[in-house]
Amino acid sequence: HAGEGFAAVPSEWALAALATAGERAGDRAGVVRAVVGVAEAAKSKEARGAWLIRAADLAANDEEGARQRVDVLLRGSVASPDKATLQRLGEAVGSLLTVAPLERDALSLRVGNATRMLTARIEGPDGARVAIELARVALASFADAEGGAHALDRALGADADVDEYAELAPYVELLAK
């Protein structure tokens with residue numbers, strides 16, 4: 001019932017009540033699903049992205065929660081791409097790969113698809129920052145030089161003069177291969 005109440009009138013207060021009820025019932029996955037439902041009904045991309053980030057924060061700290069967190073952050077990244085969300089996605093991918101290393105290939109494919117979709121429409125300094133972060137995720141999480149180079153190329157096309165390129169310095173050798 002808490003999920004239905006939250007969906008009817010989504011607010012920070014209702015979210016807190018839902019999270020408490022979900023924690024007590026041992027159903028954090030259900031809480032995440034309810035928040036994702038609200039996100040999908042949101043009218044703006046920004047609101048959708050914000051609700052998806054809240055949903056990711058509520059995912060459990062187990063393998064199922066790690067999968068759910070990655071899934072929700074991928075959706076959030078597509079809905080409202082920004083550097084902070086993509087950094088969280090990179091952290092979530094790393095956590096999932098720690099507990100479920102056999103997910104590597106499927107996860108690499110999903111992140112690669114999201115990267116190609118997101119970098120196809122970037123422009124300006126903010127777009128370059130998004131592409132740089134996507135390159136970092138590809139390189140750090142999967143040692144994906146091809147995916148990292150693609151995102152880097154798109155970043156350079158969007159704006160070649162942002163400071164965040166320096167964040168890719170640890171991956172120069174991988175990119176050079």
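Owing to the predicted nature of the structure, the values given are computational and were not obtained by experimental measurement.
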If every non-hydrogen atom of G30 is compared with every non-hydrogen atom of D27, which pair is closest and at what distance?
N-OD1, 2.9 Å
With heavy-atom distances below 4.5 Å as the criterion, would you say the side chains of V35 and L18 are in contact?
yes
Considering all heavy atoms of both residues, which atom of P170 and which atom of A166 are nearest to each other, and what is their separation?
CD-O, 4.3 Å
hydrophobic_cluster_shared for Y165 and Y171, side chain cutoff 4.5 Å
yes
Tell me whether L58 shares a hydrophobic cluster with W51, the cluster being built from Ile, Leu, Val, Met, Phe, Trp, Tyr side chains joined at under 4.5 Å.
yes
Side-chain (R154) to main-chain (T119) donor-acceptor, under 3.5 angstrom
yes
Test side chain to side chain contact (heavy atoms under 4.5 Å, CB included) on V32 and V36; report intermediate values, then the result.
CA-CA 6 Å; V32 172; V36 167; 4.2 Å; yes
Is E64 close to R28 at the side-chain level, that is, under 4.5 Å between some pair of heavy atoms?
no
Any heavy-atom pair between the side chains of T115 and V137 that's under 4.5 Å?
no
Quick one: do V38 and L15 end up in the same hydrophobic cluster if we chain Ile, Leu, Val, Met, Phe, Trp and Tyr together by side-chain heavy atoms under 4.5 Å apart?
yes
Are R110 and V93 close enough, and set up right, to give a side chain to side chain contact (heavy atoms under 4.5 Å, CB included), and what steps lead you there?
CA-CA 11 Å; R110 290 180 66 206; V93 165; over 6 Å; no
Point-to-point distance, once rounded to the nearest 0.5 Å, from CD of E103 to CD of E63
7.0 Å
Taken to the nearest 0.5 Å, the spacing of S80 OG from K45 NZ works out to 8.5 Å
Quick check: do L86 and L89 have side-chain heavy atoms less than 4.5 Å from each other?
yes
So, taking the atom named CG in D144 and the one named NE2 in H150, what distance separates them when rounded to the nearest 0.5 Å?
10.5 Å
Do V111 and V70 share a hydrophobic cluster (ILVMFWY, side-chain heavy atoms under 4.5 Å, transitive)?
yes
After noting the C-alpha distance and the side-chain angles of V31 and F6, does the key distance pass the side chain to side chain contact (heavy atoms under 4.5 Å, CB included) rule?
CA-CA 10 Å; V31 171; F6 172 70; over 6 Å; no
Main chain of A59, side chain of R69: is a donor-acceptor contact present, judged purely on distance under 3.5 Å?
yes
What one should report as the nearest heavy-atom pair of I122 and G127 is CD1-O, 3.3 Å
Mark yes or no for whether R104, through its side chain, and F142, through its backbone, hold a donor-acceptor pair below 3.5 Å.
yes
Exercise: identify the closest heavy-atom pair between G90 and S141:
O-OG, 4.2 Å
Has Q87 got more than 12 heavy atoms of other residues, nucleotides or ligands less than 6.0 Å from its CD?
yes
Taking the side chain as everything from C-beta on, heavy atoms only, tell me whether D159 gets closer than 4.5 Å to E164.
no
Go through it in stages, so that I can follow the logic: the residues are D71 and R67, the test is side chain to side chain contact (heavy atoms under 4.5 Å, CB included), and I'd like the CA-CA distance, side-chain angles, deciding distance and then a yes or no.
CA-CA 6 Å; D71 193 40; R67 276 191 185 88; over 6 Å; no
Rounding to 0.5 Å, atoms CG (L73) and OG1 (T85) come to a distance of 7.0 Å
In chain order, what residues pass the side chain to side chain donor-acceptor pair (under 3.5 Å) check against E133, with sequence neighbours excluded?
R136
R116 CZ to N113 CG distance, which is reported to the nearest 0.5 Å
4.5 Å
Minimum-distance pair of heavy atoms, taken over all atoms of A155 and A131
CB-CB, 3.6 Å
What's the spacing between Q68 CD and D62 CG if we round to 0.5 Å?
9.0 Å
Any side-chain to backbone donor/acceptor pair from S95 onto E91? Under 3.5 Å, distance only.
yes
Quick check: are there more than 12 heavy atoms from other residues, nucleotides or ligands sitting under 6.0 Å from CD of E12?
yes
Hey, any chance L107 and V99 share a hydrophobic cluster, counting ILVMFWY side chains that come within less than 4.5 Å of each other, even indirectly?
yes
Test salt bridge (charged side-chain N to carboxylate O under 4.0 Å, His left out) applied to D82 - qualifying residues, sequence neighbours left out:
none
Does R75 have any side chain to side chain donor-acceptor pair (under 3.5 Å) partners at least two apart in sequence or in another chain, and if so, which?
E40
I need the minimum non-hydrogen distance between V162 and A128, along with the two atoms involved.
CG2-CB, 4.2 Å
